[in-house]
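Below is one structure, written out as structure tokens; the observations come after it.
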There are 2 protein chains.
Amino acid sequence: MLRLTRRSEYGLMALAYLASRPREYCSVREIVEELKLPKRLLAEVLKDLSRAGTVEATRGPGGGYRLVRSAEELPLARVVEILEGPVAMTDCMAQTCELEASCIIQTGIGRVTSSIRNVLEDMTVAELLPASSEAPLAV
Amino acid sequence: MLRLTRRSEYGLMALAYLASRPREYCSVREIVEELKLPKRLLAEVLKDLSRAGTVEATRGPGGGYRLVRSAEELPLARVVEILEGPVAMTDCMAQTCELEASCIIQTGIGRVTSSIRNVLEDMTVAELLPASSEAPLAV
DNA sequence: TCGAAAAGCACCGAAATAGTGCTAAAATAC
DNA sequence: GTATTTTAGCACTATTTCGGTGCTTTTCGA
């Protein structure tokens, strides 16, 4: 149903949380307590985001994750791609499709796919936050 | 990964095919031969579309399915909704979400969801077809 | 009355997803 | 340098969704 996976959903929530605490390192424990998410799963997700370079991590007491750059520079598409692969409505769009020859809607689906990709490219993690909690500037 | 299900994919292909043969009844057999799709599955899909009133069926020899109204009046969103339920990026958007309280991105995700829904509302089955095969006016 | 075609119902297998367990490595505090 | 906090890595299980099929019934035309 065109759903995001939980990974993306949790990932976006966590990133939004980090965005509301700029430059602060937030531990997985803190985040899951705050957002009420399954700990190990969010840990997995943040690890992936870290590997992909959207967040940076430090270990040990006082450690955790923080955004590498401002949330305004982080499009949703980037997050979704990291956590669930390329944004494509059909396999055709992701790579190759055995139906090629008989597929009469290939180009049409291509247009839809890029429109949707555009929506996700244009919106950033910063915009996910309600206006109030946006950039509170608290250290 | 934000994918359509095969049901939607096959359904859209079949509808596009019907659109290229206006007012003609096309049997499942004919369609799957033409488009190289699994027969029983497409039958299932067309049955659902029929129940939902986007195509009409007649049985017996010479029977099959045809569009109830022109493909220009059939938005992709309608098809996807029939075949896989409401277009929603998260469960939150489809109905209720237990995280409500702790979910800081609810309104944000709501905005993305409606943008995507709009994309699918604005594009019709007619637009899926490459310009050449559009409305051939045969018969 | 025979054959073609949709309608209904129920089921199966495979793949993707959600989620967990455990151990290792790093950083800090004492 | 030892204990503690926290991320990193690896592997695994359970559940759900999805793709696909079988079989019977009903309808319609020839």
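Within every chain, numbering begins at 1; the chains are lettered A, B, ... in the order of the sequence lines, protein sequences first and strands thereafter. In this text, all values refer to a predicted model and were calculated from it rather than measured experimentally. For the numbers below, each heavy atom of this structure counts, side chains included, while hydrogens, waters and symmetry mates do not.
When the nucleotides C/dC9, C/dG19, C/dA5 are ranked by their closest atom to the side chain of B/Lys47, C/dC9 comes out on top. Side-chain proximity of A/Tyr65 to D/dT7, C/dT28, C/dA6: nearest is D/dT7. With D/dT4, D/dG20, D/dC28 as the candidates, the nucleotide lying closest to the side chain of A/Pro61 is D/dT4. Picking from C/dA27, D/dG19, C/dA18 the nucleotide with the shortest atom distance to the side chain of B/Arg7 gives D/dG19. Proximity note for B/Arg29 (side chain, C-beta onward) versus C/dG8, D/dT7, C/dA5: the nearest is C/dA5. Taking the side chain of A/Ser27 as heavy atoms from C-beta on, and the options D/dT7, D/dC10, D/dT4, the nearest nucleotide is D/dT7. Each of C/dA6, D/dC10, D/dT7 was ranked by its minimum atom distance to the side chain of B/Val28; first place goes to C/dA6. Distances from the side chain of A/Leu41 to the nucleotides D/dT4, C/dA18, C/dA4 place C/dA18 closest. Of the candidate nucleotides D/dT6, C/dC9, D/dG20, D/dG20 has the atom lying nearest to any side-chain atom of B/Pro38.
B/Ile109 contributes atom CD1, which lies 7.0 Å from atom CE of A/Met123 (distance to the nearest 0.5 angstrom). Taking CE of B/Met93 as the start and OG of B/Ser114 as the end, the distance is 8.5 Å to the nearest 0.5 Å.
Here the P atom of nucleotide D/dT7 and the CZ atom of A/Arg51 are 14 Å apart, to the nearest Å. Atom-to-atom, NZ of A/Lys39 to C1' of D/dT7 comes out at 10 Å; the value is rounded to the nearest Å. The nearest whole Å value for the distance from the CG atom in B/Asp91 to the C1' atom in C/dA18 is 12 Å.
Each of B/Gly60 and A/Thr5 was matched to the nucleotide of DNA chain C holding its nearest heavy atom; the match closer to the 5' end belongs to B/Gly60.
If you check distances only, the side chain of B/Arg59 does reach the base of D/dT26 with a donor-acceptor pair under 3.5 Å.
A salt bridge between A/Arg66 and A/Glu24 is absent, with no side-chain N of the basic residue lying under 4.0 Å from a carboxylate O of the acidic one.
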Legend entry - Candidate pair A/Glu72 and A/Thr124, rule side-chain hydrogen bond (donor to acceptor under 3.5 Å, both in side chains), full reasoning: CA-CA 6 Å; A/Glu72 284 83 12; A/Thr124 71; over 6 Å; no
